[in-house]
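In the text below, chain A, chain B and the rest are named by the order of the sequence lines, each starting its count at 1. Only this structure's heavy atoms are used, side chains among them; waters, hydrogens and symmetry mates stay out.
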Number of protein chains: 2
Amino acid sequence: MEARRDVFQAISDPTRREIINLVSAKPLNLNSIADNFTISRPAISQHIKILSECGLILVVQKGRERYCEAKLDKLKEVSDWIEKYTVFWNNKLDALGQFLEKKEQ
Amino acid sequence: MEARRDVFQAISDPTRREIINLVSAKPLNLNSIADNFTISRPAISQHIKILSECGLILVVQKGRERYCEAKLDKLKEVSDWIEKYTVFWNNKLDALGQFLEKKEQ
DNA sequence: TAAATATGTAAGTATTTGCTTACAAATATA
DNA sequence: TATATTTGTAAGCAAATACTTACATATTTA
(Lines give C-alpha, C1' and ligand atoms only; values in the text may rest on other atoms or scores of the structure.)
Protein backbone atom coordinates (compact mmCIF):
# COMPACT_ATOMS: atom_id res chain seq x y z
CA MET A 1 0.00 0.00 0.00
CA GLU A 2 2.19 2.81 -1.29
CA ALA A 3 2.83 4.97 -4.34
CA ARG A 4 0.54 7.78 -5.39
CA ARG A 5 -0.52 9.75 -2.37
CA ASP A 6 -2.54 12.79 -3.18
CA VAL A 7 -5.73 14.31 -1.86
CA PHE A 8 -7.86 13.16 -4.80
CA GLN A 9 -6.82 9.61 -4.17
CA ALA A 10 -7.20 9.96 -0.40
CA ILE A 11 -10.85 10.96 -0.62
CA SER A 12 -11.71 8.41 -3.26
CA ASP A 13 -12.25 5.81 -0.56
CA PRO A 14 -15.64 5.98 1.20
CA THR A 15 -14.22 4.83 4.53
CA ARG A 16 -11.66 7.63 4.50
CA ARG A 17 -14.34 10.17 3.65
CA GLU A 18 -16.33 8.95 6.62
CA ILE A 19 -13.27 9.20 8.88
CA ILE A 20 -12.79 12.78 7.70
CA ASN A 21 -16.40 13.48 8.49
CA LEU A 22 -16.07 12.02 11.99
CA VAL A 23 -12.95 13.90 13.01
CA SER A 24 -14.18 17.14 11.46
CA ALA A 25 -16.69 17.31 14.29
CA LYS A 26 -14.10 16.82 17.00
CA PRO A 27 -10.76 15.08 17.51
CA LEU A 28 -11.12 11.38 18.17
CA ASN A 29 -8.67 8.70 19.16
CA LEU A 30 -8.20 5.73 16.89
CA ASN A 31 -10.40 3.29 18.77
CA SER A 32 -13.28 5.73 18.89
CA ILE A 33 -13.01 6.10 15.15
CA ALA A 34 -12.82 2.36 14.63
CA ASP A 35 -16.00 1.90 16.69
CA ASN A 36 -17.92 3.47 13.83
CA PHE A 37 -16.92 0.80 11.35
CA THR A 38 -17.24 -2.93 10.95
CA ILE A 39 -13.77 -3.39 9.47
CA SER A 40 -10.86 -4.17 11.76
CA ARG A 41 -8.94 -1.64 13.84
CA PRO A 42 -5.71 -2.17 11.89
CA ALA A 43 -7.59 -1.39 8.69
CA ILE A 44 -8.69 1.92 10.22
CA SER A 45 -5.14 2.50 11.39
CA GLN A 46 -3.93 2.14 7.82
CA HIS A 47 -6.54 4.55 6.50
CA ILE A 48 -5.53 7.07 9.14
CA LYS A 49 -1.92 6.68 8.15
CA ILE A 50 -2.84 7.56 4.58
CA LEU A 51 -4.91 10.55 5.63
CA SER A 52 -2.11 11.68 7.90
CA GLU A 53 0.57 11.22 5.24
CA CYS A 54 -1.27 13.39 2.78
CA GLY A 55 -1.88 16.02 5.42
CA LEU A 56 -5.63 15.76 5.87
CA ILE A 57 -5.50 14.86 9.52
CA LEU A 58 -3.11 15.60 12.34
CA VAL A 59 -2.31 12.87 14.82
CA VAL A 60 -1.58 14.07 18.34
CA GLN A 61 -0.32 11.65 20.95
CA LYS A 62 -1.93 11.96 24.37
CA GLY A 63 -0.65 9.30 26.71
CA ARG A 64 -1.25 5.98 25.07
CA GLU A 65 -3.95 7.40 22.85
CA ARG A 66 -3.58 9.14 19.51
CA TYR A 67 -6.09 11.78 18.70
CA CYS A 68 -6.88 12.57 15.12
CA GLU A 69 -7.72 16.15 14.27
CA ALA A 70 -9.10 17.34 10.96
CA LYS A 71 -6.69 19.52 9.04
CA LEU A 72 -8.59 19.86 5.85
CA ASP A 73 -6.85 22.78 4.16
CA LYS A 74 -5.53 20.42 1.52
CA LEU A 75 -9.08 19.78 0.40
CA LYS A 76 -8.80 23.20 -1.19
CA GLU A 77 -6.80 21.53 -3.93
CA VAL A 78 -9.88 19.52 -4.84
CA SER A 79 -12.16 22.48 -4.33
CA ASP A 80 -10.09 24.59 -6.69
CA TRP A 81 -10.15 21.93 -9.35
CA ILE A 82 -13.90 21.46 -9.07
CA GLU A 83 -14.60 25.17 -9.02
CA LYS A 84 -13.59 25.49 -12.66
CA TYR A 85 -16.56 23.36 -13.59
CA THR A 86 -19.31 24.67 -11.33
CA VAL A 87 -20.83 26.39 -14.33
CA PHE A 88 -21.83 22.96 -15.55
CA TRP A 89 -24.48 22.53 -12.89
CA ASN A 90 -25.36 26.08 -12.01
CA ASN A 91 -27.87 26.52 -14.84
CA LYS A 92 -26.10 29.72 -15.66
CA LEU A 93 -25.95 29.19 -19.38
CA ASP A 94 -24.42 32.59 -19.97
CA ALA A 95 -21.63 31.74 -17.62
CA LEU A 96 -21.07 28.46 -19.42
CA GLY A 97 -20.88 30.29 -22.72
CA GLN A 98 -18.33 32.69 -21.36
CA PHE A 99 -16.38 29.83 -19.86
CA LEU A 100 -16.16 28.06 -23.19
CA GLU A 101 -15.26 31.22 -25.09
CA LYS A 102 -12.51 31.93 -22.62
CA LYS A 103 -11.06 28.45 -22.93
CA GLU A 104 -10.93 28.56 -26.69
CA GLN A 105 -8.96 31.78 -26.81
CA MET B 1 -11.72 -3.34 -14.43
CA GLU B 2 -15.07 -3.13 -12.68
CA ALA B 3 -16.71 -2.66 -9.31
CA ARG B 4 -16.95 0.67 -7.50
CA ARG B 5 -17.87 3.35 -9.98
CA ASP B 6 -18.54 6.67 -8.41
CA VAL B 7 -17.48 10.21 -9.13
CA PHE B 8 -14.91 10.37 -6.33
CA GLN B 9 -13.20 7.34 -7.75
CA ALA B 10 -13.50 8.61 -11.30
CA ILE B 11 -11.64 11.83 -10.59
CA SER B 12 -8.99 10.17 -8.44
CA ASP B 13 -6.99 9.36 -11.56
CA PRO B 14 -4.89 12.23 -12.96
CA THR B 15 -5.35 11.10 -16.56
CA ARG B 16 -9.12 11.16 -16.17
CA ARG B 17 -8.98 14.63 -14.61
CA GLU B 18 -6.97 15.81 -17.60
CA ILE B 19 -9.47 14.26 -20.00
CA ILE B 20 -12.25 16.10 -18.20
CA ASN B 21 -10.28 19.30 -18.51
CA LEU B 22 -9.78 18.77 -22.25
CA VAL B 23 -13.37 18.04 -23.14
CA SER B 24 -14.68 20.78 -20.88
CA ALA B 25 -13.28 23.25 -23.40
CA LYS B 26 -14.97 21.61 -26.35
CA PRO B 27 -16.11 18.17 -27.50
CA LEU B 28 -13.29 16.05 -28.85
CA ASN B 29 -13.20 12.71 -30.54
CA LEU B 30 -11.22 9.91 -28.97
CA ASN B 31 -8.10 10.20 -31.11
CA SER B 32 -7.83 13.92 -30.48
CA ILE B 33 -7.97 13.24 -26.78
CA ALA B 34 -5.41 10.46 -27.02
CA ASP B 35 -3.04 12.80 -28.86
CA ASN B 36 -2.57 14.67 -25.59
CA PHE B 37 -1.16 11.65 -23.77
CA THR B 38 1.74 9.28 -24.08
CA ILE B 39 -0.25 6.22 -23.04
CA SER B 40 -1.92 4.09 -25.69
CA ARG B 41 -5.23 4.86 -27.35
CA PRO B 42 -6.96 1.81 -25.84
CA ALA B 43 -5.91 3.05 -22.40
CA ILE B 44 -7.63 6.35 -23.14
CA SER B 45 -10.63 4.47 -24.48
CA GLN B 46 -10.91 2.66 -21.15
CA HIS B 47 -10.69 5.88 -19.16
CA ILE B 48 -13.41 7.38 -21.34
CA LYS B 49 -15.57 4.35 -20.75
CA ILE B 50 -15.25 4.90 -17.00
CA LEU B 51 -16.02 8.60 -17.27
CA SER B 52 -18.97 7.83 -19.50
CA GLU B 53 -20.31 5.09 -17.21
CA CYS B 54 -20.34 7.36 -14.22
CA GLY B 55 -22.00 10.10 -16.23
CA LEU B 56 -19.23 12.69 -16.41
CA ILE B 57 -18.98 12.71 -20.17
CA LEU B 58 -21.41 12.07 -22.96
CA VAL B 59 -20.24 10.15 -26.03
CA VAL B 60 -21.88 11.16 -29.29
CA GLN B 61 -21.24 9.15 -32.41
CA LYS B 62 -20.62 11.15 -35.58
CA GLY B 63 -19.80 8.95 -38.50
CA ARG B 64 -16.91 6.79 -37.46
CA GLU B 65 -15.85 9.22 -34.80
CA ARG B 66 -17.09 9.48 -31.24
CA TYR B 67 -17.15 12.88 -29.72
CA CYS B 68 -16.86 13.25 -25.96
CA GLU B 69 -18.75 16.10 -24.36
CA ALA B 70 -18.34 17.22 -20.78
CA LYS B 71 -21.43 16.61 -18.69
CA LEU B 72 -20.07 17.54 -15.33
CA ASP B 73 -23.21 17.95 -13.25
CA LYS B 74 -22.24 14.89 -11.25
CA LEU B 75 -19.20 16.77 -9.97
CA LYS B 76 -21.69 18.57 -7.77
CA GLU B 77 -21.67 15.47 -5.60
CA VAL B 78 -18.01 16.10 -4.85
CA SER B 79 -18.54 19.82 -4.56
CA ASP B 80 -21.30 19.32 -2.01
CA TRP B 81 -19.14 17.00 0.06
CA ILE B 82 -16.21 19.39 0.00
CA GLU B 83 -18.34 22.41 0.76
CA LYS B 84 -18.98 21.19 4.30
CA TYR B 85 -15.29 21.67 5.01
CA THR B 86 -14.50 24.94 3.28
CA VAL B 87 -14.39 26.60 6.70
CA PHE B 88 -11.16 24.74 7.28
CA TRP B 89 -9.23 26.85 4.80
CA ASN B 90 -11.21 30.03 4.70
CA ASN B 91 -9.48 31.58 7.71
CA LYS B 92 -12.92 32.35 9.01
CA LEU B 93 -12.29 31.16 12.50
CA ASP B 94 -15.71 32.24 13.67
CA ALA B 95 -17.29 30.15 10.98
CA LEU B 96 -15.17 27.20 12.03
CA GLY B 97 -16.27 27.65 15.61
CA GLN B 98 -19.89 27.73 14.60
CA PHE B 99 -19.41 24.70 12.41
CA LEU B 100 -17.98 22.71 15.29
CA GLU B 101 -20.64 23.84 17.72
CA LYS B 102 -23.31 22.87 15.28
CA LYS B 103 -21.83 19.42 14.76
CA GLU B 104 -21.63 18.68 18.47
CA GLN B 105 -25.26 19.45 19.11
C1' DT C 1 5.23 -4.99 39.06
C1' DA C 2 1.59 -7.49 36.49
C1' DA C 3 -2.35 -6.91 33.67
C1' DA C 4 -5.07 -4.13 30.72
C1' DT C 5 -5.43 -0.75 27.12
C1' DA C 6 -4.25 1.72 22.80
C1' DT C 7 -1.92 1.47 18.98
C1' DG C 8 1.52 0.36 14.97
C1' DT C 9 3.18 -2.85 11.76
C1' DA C 10 4.38 -7.05 9.24
C1' DA C 11 2.89 -10.71 6.30
C1' DG C 12 -0.44 -12.76 3.50
C1' DT C 13 -4.32 -12.48 0.18
C1' DA C 14 -8.10 -11.46 -3.05
C1' DT C 15 -9.52 -7.89 -5.87
C1' DT C 16 -9.00 -3.77 -8.53
C1' DT C 17 -6.44 -0.76 -11.37
C1' DG C 18 -4.02 0.94 -15.28
C1' DC C 19 -1.62 -0.34 -18.66
C1' DT C 20 -0.09 -3.17 -22.89
C1' DT C 21 -0.60 -5.74 -27.51
C1' DA C 22 -3.54 -8.01 -30.71
C1' DC C 23 -7.54 -8.22 -33.05
C1' DA C 24 -12.41 -7.18 -34.60
C1' DA C 25 -15.86 -4.03 -36.46
C1' DA C 26 -17.73 -0.04 -38.41
C1' DT C 27 -17.43 3.94 -41.41
C1' DA C 28 -15.24 6.87 -44.84
C1' DT C 29 -12.45 7.57 -48.80
C1' DA C 30 -9.71 6.59 -53.08
C1' DT D 1 -14.69 -2.39 -54.01
C1' DA D 2 -10.25 -2.16 -51.68
C1' DT D 3 -7.97 0.51 -48.30
C1' DA D 4 -7.54 3.71 -44.63
C1' DT D 5 -9.41 5.56 -40.44
C1' DT D 6 -11.64 5.44 -35.94
C1' DT D 7 -12.84 3.01 -32.44
C1' DG D 8 -14.06 -0.99 -28.97
C1' DT D 9 -12.70 -4.96 -26.58
C1' DA D 10 -10.36 -9.16 -25.07
C1' DA D 11 -6.43 -11.19 -22.78
C1' DG D 12 -2.52 -10.76 -20.06
C1' DC D 13 0.23 -8.55 -16.50
C1' DA D 14 2.48 -5.85 -12.81
C1' DA D 15 1.36 -2.93 -9.30
C1' DA D 16 -1.77 -0.93 -6.03
C1' DT D 17 -5.56 -1.39 -2.81
C1' DA D 18 -8.12 -2.79 1.05
C1' DC D 19 -8.52 -6.02 3.86
C1' DT D 20 -7.25 -9.84 7.40
C1' DT D 21 -4.67 -12.13 11.51
C1' DA D 22 -0.73 -12.23 14.39
C1' DC D 23 2.39 -9.98 16.95
C1' DA D 24 5.23 -6.10 19.03
C1' DT D 25 5.40 -1.87 21.78
C1' DA D 26 4.05 1.81 24.63
C1' DT D 27 1.42 3.59 28.47
C1' DT D 28 -1.78 3.30 32.14
C1' DT D 29 -3.97 1.17 35.97
C1' DA D 30 -4.78 -2.30 39.60
Side-chain angles (χ1 to χ4, degrees), chain A residues 1-23 26-71 78, chain B residues 1-23 26-71 78:
Chain A
M1 199 191 288
E2 298 186 45
R4 218 190 325 143
R5 183 107 325 155
D6 61 87
V7 187
F8 285 91
Q9 203 265 342
I11 67 168
S12 72
D13 182 86
T15 301
R16 287 196 287 270
R17 286 200 301 277
E18 184 56 26
I19 291 175
I20 286 175
N21 190 48
L22 285 169
V23 302
K26 65 171 178 190
L28 291 172
N29 68 341
L30 193 134
N31 273 345
S32 306
I33 293 172
D35 285 345
N36 294 273
F37 299 91
T38 53
I39 59 175
S40 71
R41 181 196 50 77
I44 297 297
S45 181
Q46 283 157 7
H47 281 306
I48 284 176
K49 191 178 183 185
I50 289 172
L51 290 171
S52 165
E53 276 175 10
C54 79
L56 284 172
I57 66 173
L58 200 67
V59 181
V60 179
Q61 182 111 21
K62 245 181 192 173
R64 65 189 159 187
E65 295 171 276
R66 276 170 201 173
Y67 280 84
C68 302
E69 298 177 13
K71 187 167 168 296
V78 181
Chain B
M1 200 193 289
E2 300 187 42
R4 216 188 330 140
R5 183 104 326 154
D6 60 86
V7 186
F8 286 91
Q9 203 265 342
I11 67 168
S12 72
D13 183 85
T15 302
R16 286 196 290 268
R17 287 200 299 280
E18 184 56 25
I19 292 175
I20 286 175
N21 189 49
L22 286 168
V23 301
K26 66 172 178 188
L28 291 172
N29 67 341
L30 194 133
N31 273 344
S32 306
I33 294 172
D35 284 346
N36 294 273
F37 300 91
T38 54
I39 59 175
S40 71
R41 182 196 48 77
I44 298 295
S45 181
Q46 284 157 8
H47 281 306
I48 284 176
K49 191 178 184 186
I50 290 172
L51 290 170
S52 166
E53 277 175 8
C54 80
L56 284 171
I57 67 173
L58 199 67
V59 181
V60 179
Q61 183 109 22
K62 245 180 192 173
R64 65 189 161 189
E65 296 172 274
R66 276 173 198 169
Y67 280 85
C68 303
E69 298 178 13
K71 188 168 166 291
V78 181

Nearest whole Å is fine: how far is dA18(D) P from I48(A) CD1?
15 Å

Just N and O in the side chain of N31(A): are any of them under 4.0 Å from OP1 or OP2 of dT7(C)?
yes

Taking only side-chain N and O atoms of R66(A), does any of them lie within less than 4.0 angstrom of OP1 or OP2 on dG8(C)?
yes

Relative to the 5' end of DNA chain D, which residue comes earlier, Q61(A) or I39(A), by the nucleotide with the nearest heavy atom?
I39(A)

Test for a donor-acceptor pair under 3.5 Å between the base of dG8(D) and the side chain of R41(B), counting only N and O atoms.
yes

Whole angstrom is fine here: how far is it from CD in E18(B) over to C1' in dG18(C)?
17 Å

Per nearest nucleotide of DNA chain D, the residue lying toward the 5' end, R64(A) or T15(A), is T15(A)

If you check every side-chain atom of S40(A), which of dT21(D), dT7(C), dT6(D) has the closest atom?
dT21(D)

Y67(A) OH to dA6(C) P, straight-line distance once rounded to whole Å:
9 Å

Rounded to whole Å, CD of Q9(A) lies from C1' of dA16(D) at a distance of 9 Å

Donor-acceptor pair, R17(B) side chain versus I11(B) backbone, under 3.5 Å?
yes

Hey, is the side chain of N29(A) poking within less than 4.0 Å of OP1 or OP2 on dA6(C), counting only N and O atoms?
no

Whole-Å distance between dT17(C) P and L51(B) CG?
13 Å

What integer distance in Å separates I50(A):CD1 from dT9(C):C1'?
14 Å

Counting only side-chain N and O atoms of R16(A), is one of them less than 4.0 Å from OP1 or OP2 of dA18(D)?
yes

Closest nucleotide among dT21(D), dG18(C), dT27(D) to the P42(A) side chain:
dT21(D)

Proximal nucleotide (of dT7(C), dG18(C), dT5(D)) relative to the D13(B) side chain:
dG18(C)

Indicate the atoms forming the closest heavy-atom contact of L30(B) with S45(B), along with that distance.
CD1-CA, 3.8 Å

Taking Y67(A)'s backbone N and O only, do any of them form a donor-acceptor pair with E65(A)'s side chain (distance below 3.5 Å, no angle check)?
no

Taking all atoms of both residues into account, what is the closest heavy-atom pair of T15(B) and F37(B), and its distance?
CG2-CE2, 3.8 Å

Rounded to whole Å, please give me the gap between CD1 in I19(B) and C1' in dC19(C).
13 Å

Take atom CD1 of I44(B) and atom P of dC19(C), then tell me their distance rounded to the nearest Å.
8 Å

Between the side chains of S32(A) and N29(A), is a donor N or O closer than 3.5 angstrom to an acceptor N or O?
yes

Taking N and O atoms by type only, does the side chain of Q46(A) place a donor or acceptor under 3.5 Å from a partner on the base of dT20(D)?
yes

Does a side-chain N or O of S45(B) approach OP1 or OP2 of dT7(D) to a distance below 4.0 Å, or not?
no

Does a side-chain N or O of H47(A) approach OP1 or OP2 of dT17(D) to a distance below 4.0 Å, or not?
no

Measure from the side-chain N and O atoms of R16(B) to the backbone N and O of A10(B), and report whether any donor-acceptor pair falls under 3.5 Å.
yes

Nucleotide nearest L30(A) (side chain, heavy atoms from C-beta), chosen from dT20(D), dT29(C), dG8(C):
dG8(C)

Output yes when at least one side-chain N/O atom of K49(A) is less than 4.0 Å from OP1 or OP2 of dG8(C), else no.
no

